[in-house]
Amino acid sequence: MLAAKLTTILNIHLTANQAKQTHACIIINGLNSLKPLLVRQILLSTRNSSRRISQYVHNILYHLPHPDSFSWGWAIRYFSQQGQFKEALYLYVQMQRQGSCPSTFAVSSALRAYARTTHKMGGMSIHAESYKYGFSNCVYVQTALVDLYSKLGDMNTAQKVFDELAEKNVVSWNSILSGHLKSGNLMEAQRVFDQISKKDVISWNSMISGYAKIGDMDRACALFQQMPEKNYSSWNALISGYINCGDMKSAWRFFDTMPARNSVSWITMITGYSKCGDVDSASKLFDQIAKKDLLTFNAMISCFAQNSQPRKALQLFGEMLKAYANIQPDQMTLASVVSACSQLGDMRFASWIESYVNDLGTDIDDQLATALLDLYAKCGSVDKACELFHGLNKKDVVAYSAMISGCGINGKVGDAIKLFDMMVDAQIHPNLATFTGLLTACNHAGLVEEGYRFFSSMKDHGLVPSIDHYAIMVDLLGRAGRLQDAYELIKSMPMQPHSGVWGALLLACSVHNNVELGEIAAEHCFALETNATAYYSLLANIYSSAGRWDDVRRLRKLWKENKLVKLSGCSWTEST
DNA sequence: CTAGGGTTAG
């Protein structure tokens with residue numbers, strides 16, 4: 001009687017609280033057989049995941065003597081779709097420990113989790129199992145396998161599984177298509193694309209963004225025009241293609257003519273402007289957004305953080321918390337906020353963020369961990385940074401670069417160089433930021449030869465040194481007293497040196513008392529910087545230590561005429 | 001009763 005009533009209840013939509021009440025009722029009356037339905041209802045009633053729900057579902061499954069494959073399937077599917085891959089895979093393992101036979105639902109969900117985390121061994125073991133359980137004729141499982149190997153970059157195996165598929169559908173085709181696109185085989189991708197008889201929106205969009213990513217905007221645009229039905233993503237793919245080519249004008253033209261925009265359209269444009277350093281345009285665009293959500297806030301906050309406007313980033317974060325109480329920050333938000341804090345050298349936030357993250361119940365992903373690592377390293381806690389670094393699932397360029405520069409700042413040049421070697425061994429390509437950290441480390445320790453070697457090796461990695469790299473090198477050579485070498489390096493620069501470059505030489509000349517080069521450097525500094533007080537005093541020091549008092553007097557006069565006021569020194573660290 | 005594919009911020 002009661003069981004029948006509860007069954008009815010469990011078949012209608014329930015809120016989280018109603019589900020809990022029903023759960024209590026089930027426990028009191030010992031109606032274990034209803035728990036599968038309950039699991040389904042709970043997972044259906046929750047839109048966004050949280051640690052609480054996962055704990056709740058865990059508890060139910062844990063207390064069932066023999067959870068059925070139905071409940072396992074629901075739970076694993078749920079976490080896999082929510083992007084909580086660790087949870088999903090943990091449940092999958094639990095299921096096998098209990099001796100339950102996996103369903104095709106559980107298997108395909110688990111495969112999705114392994115594919116998204118690019119976990120080769122895990123995925124391959126499920127592949128083996130799928131033969132054992134006789135799932136090799138299930139199109140869902142096989143397609144998930146095609147996707148797995150595509151994401152792993154193993155196109156041979158992907159193709160093999162794909163060929164074995166008796167009945168391929170669009171999803172299967174799209175999976176193999178995305179594999180070819182990911183491995184950069186545009187020819188093969190185009191061939192596959194042409195073979196798809198029933199192309200859907202995803203087939204078209206994949207192909208468009210494939211061409212857009214390699215900068216072949218003509219082909220991308222042609223396909224875009226050909227496509228029968230476009231959605232937001234079609235437009236967004238084309239727009240981000242133009243942005244990647246640095247063609248903001250065309251990007252804007254398409255953005256402007258879009259019939260309607262979604263959040264991704266807005267953030268694509270905002271981050272486009274952000275990459276060009278055009279914070280004003282990004283900001284203007286952001287103000288136009290009628291419905292601001294987490295995505296758009298994140299894009300704008302990270303725009304500020306990336307363009308050295310940490311205060312504005314933090315300010316916007318504050319506005320978001322205040323005015324949009326219903327928006328919960330995620331790892332992305334926090335990563336930007338942490339990055340802003342580390343730019344300000346503000347340690348107060350680090351511990352606050354940690355407790356905040358714990359309160360929210362979201363786990364720290366690699367991106368957030370990398371941002372925290374950077375913060376700790378910049379604030380002098382190398383050990384803590386190291387701990388975070390080793391805990392990363394995947395160490396990418398950003399992580400290595402942050403760690404290298406962290407070691408450099410804290411006087412661990414040896415470790416910085418070791419990390420760099422490790423990184424190259426791991427086939428991770430260093431970028432400009434990596435070399436900034438590395439050269440700074442060498443500079444810090446006065447390792448001229450090593451620094452010079454790394455600087456020269458940049459071109460071997462396909463990198464063109466930026467003006468800042470030259471500035472570090474000039475500083476490094478200069479401090480070591482190799483003033484002439486530093487001067488030659490400046491003269492060899494392919495771009496116009498800024499005041500930082502000449503300033504570094506001037507400083508070195510002041511340390512090593514070189515009047516001749518000092519004058520040249522100072523002259524350039526005066527020309528480049530309106531507020532040149534510091535440079536005047538440096539040159540004055542050079543003159544006075546050379547005993548050239550006439551020149552000192554001449555300079556003082558010049559200084560007064562320009563009505564320059566000596567600035568008081570200030571720390572780059574935020575004052576508390 | 002549920003599953004597999006693309007687009008997106010540091």
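Chain A is the first sequence line, chain B the second, and so forth, proteins listed ahead of strands; every chain is numbered from 1.
Side-chain atoms of A/L314 and A/R311, non-hydrogen and from C-beta on, never get closer than 4.5 Å to each other. Side-chain contact check for A/Y149 versus A/M124: some heavy-atom pair is nearer than 4.5 Å. Taking 4.5 Å as the limit, some side-chain heavy atom of A/Q190 sits within range of a side-chain heavy atom of A/Y211. By the 4.5 Å heavy-atom criterion applied to side chains, A/L238 and A/M217 are counted as neighbours.
When heavy atoms are screened at a 4.0 angstrom cut-off, A/N262 is found touching no nucleic acid atom at all. Contact annotation for A/D374: no contact, since no heavy-atom pair falls under 4.0 Å across all strands. Looking at heavy-atom distances under 4.0 Å, A/S172 makes contact with a base. Within the nucleic acid shown, A/V171 comes within 4.0 Å of at least one base atom, counting heavy atoms only. Within 4.0 Å (heavy atoms only), A/K151 reaches sugar-phosphate atoms of the nucleic acid but no base atom. Using a 4.0 Å heavy-atom criterion, one finds that A/V139 contacts the bases of the nucleic acid, with or without backbone contacts as well. Residue contacts for A/K182: at a heavy-atom cut-off of 4.0 Å it reaches no nucleic acid atom on any strand shown. Contact annotation for A/F70: base contact, defined as any heavy-atom pair under 4.0 Å involving a base atom. Looking at heavy-atom distances under 4.0 Å, A/N236 makes no contact with the nucleic acid at all. Counting any heavy atom pair closer than 4.0 Å across all strands shown, A/S302 reaches sugar-phosphate atoms only and no base atom.
Ring-base stacking between A/Y140 and B/dA3 is satisfied, the centre separation being under 5.5 Å and the plane angle under 30°.
If you check distances only, the side chain of A/S108 never reaches the base of B/dG4 with a donor-acceptor pair under 3.5 Å. A donor and an acceptor atom never sit less than 3.5 Å apart when one is taken from the side chain of A/S175 and the other from the base of B/dG4. Remark: the A/S109 side chain and the B/dA3 base include no donor-acceptor N/O pair separated by less than 3.5 Å. On a pure distance criterion of 3.5 Å, no polar donor-acceptor pair joins the side chain of A/N298 and the base of B/dG10.
The shortest distance between the side-chain N/O atoms of A/Q142 and the OP1/OP2 oxygens of B/dG4 is not below 4.0 Å. Applying the 4.0 Å criterion to OP1 and OP2 of B/dG6, one finds that A/S209 has every side-chain N and O outside that range. Distances shown here put a side-chain N or O of A/K213 below 4.0 Å from the OP1 or OP2 atom of B/dT7. Checking the phosphate oxygens (OP1, OP2) of B/dG4, no side-chain nitrogen or oxygen of A/R116 falls inside 4.0 Å. Residue A/K230 has no polar side-chain atom (N or O) positioned under 4.0 Å from OP1 or OP2 of B/dG6. Side-chain nitrogen and oxygen atoms of A/Q306 include none within less than 4.0 Å of the OP1 or OP2 phosphate oxygen of B/dA9. One finds a side-chain N or O of A/T271 lying less than 4.0 angstrom from the OP1 or OP2 phosphate oxygen of B/dA9.
Between A/I196 atom CD1 and B/dG6 atom P there is a gap of 13 Å when expressed in whole angstrom units. Rounded to an integer number of Å, the gap from A/F317 CZ to B/dA9 C1' is 15 Å. Following rounding to the nearest Å, A/F224 (CZ) and B/dT7 (C1') show an atom-to-atom distance of 13 Å. One atom, CG of A/L295, and another, C1' of B/dA9, lie 8 Å apart when rounded to the nearest Å. To the nearest angstrom, P of B/dA3 lies 19 Å from CG of A/L148. In this structure, A/L91 places its CG atom 20 Å from P of B/dT2, rounding to the nearest Å. Atom CE in A/M258 sits about 16 Å away from atom P in B/dT7, given to the nearest Å. Taking atom CG of residue A/L177 and atom P of nucleotide B/dT7, one finds them 10 Å apart after rounding to whole Å.
When A/F255, A/W235, A/F286 are each tested for a ring pair (Phe, Tyr, Trp, His ring centres under 6.0 Å) with A/W266, only one passes: A/F255.
Of the candidates B/dA3, B/dG6, B/dG10, B/dA3 carries the atom nearest the A/C138 side chain, counting heavy atoms from C-beta on. Residue A/R77 has its side chain nearest to B/dA3 when only B/dA3, B/dA9, B/dT7 are considered. Listed candidates were B/dT8, B/dA3, B/dG10. Nearest to the side chain of A/Q367 is B/dG10. The side chain of A/W74 lies closest to B/dC1 when the candidates are B/dG6, B/dG4, B/dC1. For A/T370, the side-chain atoms get nearest to B/dG10 when compared with the rest of B/dG10, B/dG6, B/dG4. Among B/dG4, B/dA3, B/dG10, the nucleotide with an atom closest to any side-chain atom of A/S80 is B/dG4.
Geometrically, A/K395 engages A/F389 in a cation-pi contact defined by less than 6.0 Å to the ring centre and at most 45° from the axis.
A donor-acceptor contact closer than 3.5 angstrom is absent between the side chains of A/S150 and A/D147.
Between A/Y242 and A/F254, the distance from one ring center to the other falls under 6.0 angstrom.
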